[in-house]
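Notes for the one structure printed next.
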Amino acid sequence: NNGTSSTSRIRLVETLPAGFIRTATAPSTSTAGSASVTSVSCGTGNTFNCDFEGSFPAGAGNTVTLTLEARAAYPYAGVIGSAVTNNVAIQPGRDGLGNPVSVDPISNNNTGSSQVTVQAASIAGNVYLDNDRGNDFDSGEGLGSVSVTLSGTDIYGNSITPAAIQTLANGSYSFGVLPPGTYQVVE
């Protein structure tokens with residue numbers, strides 16, 4: 001709270017990069033100085049509000065840190081390997097009717113941003129008939145046009161919508177642009 005007076009409510013407006021969503025993981029807070037948080041409630045989606053209640057005294061040493069988890073939606077439609085920007089703004093908190101509970105005389109110092117880069121991850125393999133029973137994949141053993149389905153859960157506990165593809169003529173398959181997680185591939 002860089003203002004001149006204390007407040008009991010603060011609103012954070014979060015705008016995630018295009019193609020990102022907030023996970024179901026509960027937000028957590030930590031405080032410094034005399035600030036304290038009694039409750040925090042956050043919406044979902046790409047742009048959402050987090051409403052804080054507590055004691056937020058004036059002064060730069062009275063800080064609240066909010067930790068949220070967000071992820072690139074699967075399948076991610078953005079450009080892999082390029083930086084995208086996350087934006088946040090702090091506003092006065094709202095009462096039950098949606099009216100501000102305090103006044104911010106200097107509202108142009110309440111924004112911040114950071115960048116994140118989505119890296120590519122994939123799962124690939126081969127479907128084959130082990131003709132020589134050598135327990136390995138040899139040339140000419142690949143089976144094309146076999147349906148292979150990927151399912152699983154990302155590291156945030158979100159289920160990944162099952163995706164099915166056909167193997168290529170040489171038996172190979174690849175699922176790309178995956179978030180970190182635990183997956184199963186079934187033919």
Side-chain angles (χ1 to χ4, degrees), residues 10-30 37 39-52 63-94 98 104 107-128 137 141-187:
I10 297 174
R11 173 170 280 181
L12 176 137
V13 179
E14 176 74 41
T15 305
L16 298 172
F20 278 66
I21 55 173
R22 183 173 162 251
T23 69
T25 303
S28 64
T29 60
S30 61
V37 176
S39 70
V40 61
S41 173
C42 295
T44 59
N46 180 264
T47 300
F48 56 90
N49 297 332
C50 289
D51 292 307
F52 296 82
T63 62
V64 175
T65 300
L66 173 69
T67 303
L68 292 170
E69 289 185 0
R71 65 174 175 86
Y74 177 76
Y76 181 62
V79 178
I80 300 296
S82 66
V84 293
T85 303
N86 181 65
N87 295 297
V88 66
I90 301 293
Q91 299 176 349
R94 306 288 197 254
D104 185 358
S107 60
N108 64 352
N109 67 347
N110 298 339
T111 61
S113 64
S114 63
Q115 292 194 324
V116 63
T117 302
V118 176
Q119 299 296 331
S122 64
I123 294 177
N126 297 293
V127 175
Y128 65 97
F137 178 64
E141 293 182 334
L143 299 174
S145 300
V146 174
S147 180
V148 180
T149 302
L150 172 90
S151 61
T153 306
D154 69 18
I155 62 172
Y156 306 109
N158 300 299
S159 293
I160 301 299
T161 302
I165 59 174
Q166 298 289 313
T167 59
L168 299 178
N170 66 359
S172 67
Y173 65 88
S174 178
F175 294 94
V177 195
L178 298 172
T182 302
Y183 296 96
Q184 299 81 37
V185 177
V186 178
E187 63 175 87

Please round to the nearest 0.5 Å and tell me the distance separating atom CD1 of Ile21 and atom OG1 of Thr44.
9.0 Å

Kindly indicate whether the side chain of Thr15, heavy atoms from C-beta on, has any atom under 4.5 Å from the side chain of Val88.
no

Determine whether the side chains of Asn49 and Gln91 contain a donor N or O and an acceptor N or O closer than 3.5 Å.
no

Derivation of the side-chain contact (heavy atoms from CB on, under 4.5 Å) call for Arg71 and Asp154
CA-CA 9 Å; Arg71 65 174 175 86; Asp154 69 18; 2.8 Å; yes

For residues Ala164 and Thr149, report the shortest heavy-atom separation together with the two atoms involved.
CB-OG1, 3.7 Å

Below 4.5 Å, heavy atoms only, C-beta onward: do Tyr173 and Val185 meet side chain to side chain?
yes

Min side-chain heavy-atom separation Arg22-Leu68 under 4.5 Å:
yes

If I take atom CZ from residue Phe48 and atom SG from residue Cys42, how far apart are they, to the nearest 0.5 angstrom?
6.0 Å

Are Thr111 and Asn87 close enough that some pair of their side-chain heavy atoms sits under 4.5 Å apart?
no

At what distance, to the nearest 0.5 angstrom, does OG1 of Thr153 lie from CD1 of Ile160?
7.5 Å

Worked check of side-chain contact (heavy atoms from CB on, under 4.5 Å) between Phe20 and Asn86:
CA-CA 9 Å; Phe20 278 66; Asn86 181 65; over 6 Å; no

In Å, rounded to the nearest 0.5 Å, how long is the span from CG of Leu143 to CG of Leu168?
12.5 Å

Could you grab the distance from atom OG of Ser174 to atom CD1 of Ile165, nearest 0.5 Å is fine?
6.5 Å

Within-4.5 Å side-chain heavy-atom neighbours: Leu66 and Cys50
yes

Quick one: does Asn46's side chain have a donor or acceptor within less than 3.5 Å of a partner on Leu16's backbone?
yes

Go through the steps for Thr167 and Val148 under the test side-chain contact (heavy atoms from CB on, under 4.5 Å), then give the verdict.
CA-CA 7 Å; Thr167 59; Val148 180; 3.6 Å; yes

A side-chain contact here means heavy atoms from C-beta on lying under 4.5 Å apart; do Val40 and Asp51 qualify?
no

Do Ser147 and Gln166 touch side chain to side chain, with heavy atoms closer than 4.5 Å?
yes

Just verifying a value: how many Å separate Tyr183 OH and Leu178 CG, rounded to the nearest 0.5 Å?
5.0 Å

Counting only heavy atoms not in Glu69, do more than 12 fall under 6.0 Å of its CD?
yes

Locate the shortest heavy-atom distance separating Gln184 from Gly152; write the atom from each residue and the value.
OE1-CA, 3.6 Å

Residues Leu150, Ile123; criterion side-chain contact (heavy atoms from CB on, under 4.5 Å); working and verdict:
CA-CA 9 Å; Leu150 172 90; Ile123 294 177; 3.9 Å; yes

Counting N and O atoms only, with roles assigned by atom type, does the side chain of Asn126 sit under 3.5 Å from a partner on the main chain of Tyr128, one being a donor and the other an acceptor?
no

